[in-house]
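Notes follow once the structure below has been shown.
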Amino acid sequence: MAARFASRLSHVGRSVFGGLGNISSGSLRTSLDSTWNNFLSQQQQRTFIQMRTVLKVVDNSGAKKVMCIQALKGKKGARLGDTIVASVKEAHPNGKVKKGEVVYGVVVRAAMQRGRCDGSEVKFDDNAVVLLDKQGQPRGTRVFGPVPHELRKKKHLKILTLAEHIA
Amino acid sequence: MASKVLPQALFITPRSSNQCPPKKLGLSTFPSPRSTSLNLNRLSTSRFSSNSFGFHFRPIVVSPKRFFIVSAEADNEGELGPDENTEEEETVSETESEVKLDAEDEAKPPRKPRVKLGDIMGILNKRAIEASEKERPVPDLRTGDIVEIKLEVPENRRRLSIYKGIVISKQNAGIHTTIRVRRIIAGVGVEIVFPVYSPNIKEIKVVNHRKVRRARLYYLRDKLPRLSTFK
């Protein structure tokens with residue numbers, strides 16, 4: 001997909017140059033700048049987890065995919081380590097959680113980078129949640145995949161002990 | 001424009017030398033350029049009369065604000081010197097020549113190289129990097145190296161966390177030079193940006209190197225996980 005976009009961009013560049021035979025160098029420079037800006041913004045700008053974001057569920061509570069309804073903290077959305085309210089969109093047939101249920105969850109993996117206090121940043125390849133109950137305890141008994149250190153500060157120690165790997 | 005201002009300033013100096021408190025220097029840093037030259041000249045020439053001009057060349061880091069002002073003033077004076085020589089000498093020759101003599105006397109003995117305004121960040125960065133290198137030498141890192149980083153996490157002070165992976169990009173920014181390390185952990189791709197000169201990093205070791213023909217390996221995100229897995 002990225003390769004196709006790059007080839008499309010080069011086609012655009014060629015046609016632009018072809019048509020600019022008579023135009024002055026000033027306009028040529030501006031069109032070059034705009035194509036260069038397009039090229040630079042080719043990298044996806046990952047952003048917060050907000051309403052309608054579909055996340056993967058990485059515990060054995062029974063749900064497979066949930067859609068975020070509300071980020072409990074933050075005006076723009078939830079980040080790594082924040083809790084959200086979500087609606088279950090897809091679930092395992094025999095699980096504790098059924099489809100259409102409104103659940104709470106904590107974001108354990110986010111595609112948006114999260115800065116740490118020492119200047120480092122961490123980002124994952126996907127968005128994932130672990131379902132919680134109202135008191136903040138996980139509903140499942142296992143957690144799959146890596147989880148970040150940020151959960152320790154947010155007091156989700158049980159999830160850290162259940163995790164396979166702490167990133 | 002500045003030449004018109006200067007003779008006025010020099011006239012004012014003898015009267016106002018007592019009234020202008022030295023502290024004002026720090027506050028009147030950046031209004032308009034004309035008024036700064038007025039203030040600077042007035043205050044610094046009042047300093048000249050008290051023969052404490054030489055003092056302000058030395059503390060580069062201690063009182064950077066004061067130093068900026070003094071060097072700007074010195075540059076200003078230097079510019080005006082060759083241009084309006086005759087005018088200066090005609091108007092207030094005595095104080096100005098006295099001032100220049102004092103300045104030159106004070107500047108010649110220590111013979112320190114003039115630190116220009118634009119170089120200061122570079123010098124501070126170099127000093128910080130040297131201080132960090134003394135603690136822990138940093139190996140030469142390039143994109144495509146497979147590195148192992150031992151990190152001390154403030155929360156988990158018992159053991160050092162080990163991060164292994166391929167360097168997919170290196171951003172050079174002096175003391176905040178960072179490397180981005182990618183690895184597939186437990187089935188999920190994780191990218192972590194490490195500041196290379198951070199005191200939390202206890203060790204960086206280059207384990208292997210992969211031949212890459214790029215400076216940034218962002219294409220690895222779209223490729224098979226197998227290419228980002230490192231045992």
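Model, not experiment: these values are computed from the prediction. Note: hydrogens, waters and symmetry copies are ignored here, and every other heavy atom, side chains too, is used. Numbered from 1 within each chain, the chains take letters A, B, ... in sequence-line order.
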Applying a strict 4.5 Å limit to non-hydrogen atoms, the region of A:E164 in contact with chain B is side chain
Which of the residues B:R183, B:E191, B:R182 is involved in the greatest number of heavy-atom pairs with chain A at under 4.5 angstrom?
B:E191
Quick check on the interface: out of A:D126, A:V122, A:I166, who has the most heavy-atom pairs with chain B under 4.5 Å?
A:V122
Under 4.5 Å heavy-atom distance to chain A, tell me which part of B:Y219 shows up: side chain, backbone, both or neither.
neither
Quick one: list whatever passes ring pair (Phe, Tyr, Trp, His ring centres under 6.0 Å) with B:Y197, sequence neighbours left out.
none
Testing the 3.5 Å rule here: is there a donor-acceptor pair between the side chains of A:N127 and A:T53?
no
Out of A:K153, A:K76, A:K154, which one pairs with A:D82 under the salt bridge (charged side-chain N to carboxylate O under 4.0 Å, His left out) rule?
A:K154
Nearest-0.5 Å distance that lies between atom CD1 in B:I166 and atom CZ in B:F230:
4.5 Å
